[in-house]
Enquirer: 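I'd like to ask you about the structure that follows.
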Amino acid sequence: MAHPVLLIHGGAGQGSLSEQKRQRIELSLNTILENVYPLLRDGMSALEACTMAAALLEDDPLYNAGKGSKIQSDGKIRMSASLMDGHHRRFAGCVNVEGLKNPIHLARALLSEEDRVLAGQGARRKARELGLKFASPYTERARHAFERQQEGKSGTIGAVALDTKGHLAAATSTGGRGFEFPDRVSDSPTVAGNFANGFAAASATGTGEQIVEFSVAASLCTLVEAGQTLSTAGTHLLQQAKNAQAEFGFISVDAHGRLYAGTTTEILLWGSATRSGYSTLGRQRL
Ligand code: GLY
């Protein structure tokens with residue numbers, strides 16, 4: 001039996017966190033880890049743990065995914081999410097879907113379908129057919145950023161997990177960059193932003209175009225499959241990104257339960273739960 005591991009992130013970016021914001025994020029990440037990790041330890045699959053953690057992150061308006069998503073330049077919120085089951089090497093996702101409470105739930109439902117990545121109106125229609133919940137993702141904070149035509153460089157949530165059977169999964173969800181051209185496609189519903197195989201699982205955050213150009217999550221897991229350690233592969237990718245002045249980060253875990261998280265940005269909001277305890281924003285707790 002493998003020792004389960006859960007990592008989650010709430011995005012990467014530049015700047016510094018005020019103490020108040022740091023405390024709010026720490027509390028949010030801790031609460032989610034404490035809700036999901038005991039279930040993973042009790043036998044929940046990595047796939048269901050990632051789905052649950054991602055949905056909880058989507059529900060928290062602190063993050064740019066689900067409730068709290070950023071607004072595109074035409075005033076609309078379009079959300080994207082994906083999920084990958086590393087054990088079965090199966091990927092599903094939704095692209096630029098409007099009004100859905102939890103885009104990750106649509107990705108979860110699409111995993112068992114033949115057509116596993118749906119966009120726009122088709123994704124919305126499928127979500128209705130599946131009886132998924134719809135809710136307004138708009139918040140005052142997002143409206144305020146929109147009024148200032150504020151573009152962010154990042155914003156995503158994600159989760160990766162190793163379960164007791166040794167299976168891996170990854171989930172990623174985003175509201176996009178903010179004030180981008182309508183219908184821009186981010187990295188999050190692609191294998192660059194979210195990938196898992198039998199060897200590793202990774203979820204990326206940061207500038208979507210650069211994450212795609214470095215094929216971050218898929219490259220990392222493929223390097224591990226080819227024999228590199230997770231930390232060698234992760235360090236290599238981050239060094240390449242730094243050389244190119246690319247701005248992104250990622251969380252990852254391998255089939256041995258080793259974890260690796262890193263970023264070229266100033267901040268990566270992330271936390272982990274392992275048999276040794278919980279850690280959030282660099283602070284360790286038992
Ligand atoms: N990584 C999220 C985005 O670029 O939209």
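Numbering of ligands and ligand atoms starts at 1, following listing order. Small disclaimer: the values here were computed from a predicted structure and weren't measured.
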Enquirer: So does Glu129 have more than 12 non-hydrogen atoms from other groups sitting under 6.0 Å from CD?
Expert: yes
Enquirer: At under 4.0 Å between heavy atoms, which part of Thr205 makes contact with ligand 1: side chain, backbone, both or neither?
Expert: neither
Enquirer: Looking at Ser186, which atoms of ligand 1 are within less than 4.0 Å of one of its heavy atoms?
Expert: 3 (C), 5 (O)
Enquirer: Output the list of atoms in ligand 1 that are nearer than 4.0 Å to some heavy atom of Thr156, sorted by atom number.
Expert: 1 (N), 2 (C)
Enquirer: Can you find a non-hydrogen atom of Arg184 under 4.0 Å from ligand 1?
Expert: yes
Enquirer: Heavy-atom contacts with Arg177 under 4.0 Å: which atoms of ligand 1 show up? List them by number with element.
Expert: 5 (O)
Enquirer: Answer yes or no on whether Arg116 is positioned over the face of Phe91, meaning its NZ or CZ is under 6.0 Å from the six-membered ring centre and within 45° of the axis.
Expert: no
Enquirer: Would Ile211 count as a polar contact of ligand 1, with the cut-off being nitrogen or oxygen pairs under 3.5 Å?
Expert: no
Enquirer: Show me which atoms of ligand 1 lie under 4.0 Å from any heavy atom of Thr174.
Expert: 2 (C)
Enquirer: Between Thr235 and Tyr260, is a side chain to side chain donor-acceptor pair (under 3.5 Å) present by the stated rule, with each step listed?
Expert: CA-CA 9 Å; Thr235 310; Tyr260 186 92; 3.2 Å; yes
Enquirer: Could you walk me through whether Glu180 and Arg78 satisfy the salt bridge (Lys or Arg N to Asp or Glu O under 4.0 Å) test, starting with their C-alpha distance in whole Å, then the side-chain angles of each, then the deciding distance to 0.1 Å, before giving a yes or no?
Expert: CA-CA 11 Å; Glu180 65 269 71; Arg78 297 179 182 86; over 6 Å; no
Enquirer: Any idea which atoms of ligand 1 are less than 4.0 Å away from a heavy-atom of Asp187?
Expert: 1 (N), 2 (C), 3 (C), 4 (O)
Enquirer: Compare all side-chain heavy atoms of Glu58 with those of Met79 and state whether any distance is below 4.5 angstrom.
Expert: no
Enquirer: Report, as yes or no, whether the 6.0 Å neighbourhood of atom CZ on Arg125 holds more than 12 heavy atoms from other residues, nucleotides or ligands.
Expert: no
Enquirer: Taking 4.0 angstrom as the limit and counting only heavy atoms of Gly206, give me the atoms of ligand 1 inside it, by number and element.
Expert: 1 (N), 2 (C), 3 (C), 4 (O)
Enquirer: Would you check if the side chain of Ser188 reaches a backbone N or O of Ser80 as a donor-acceptor pair within less than 3.5 Å?
Expert: no
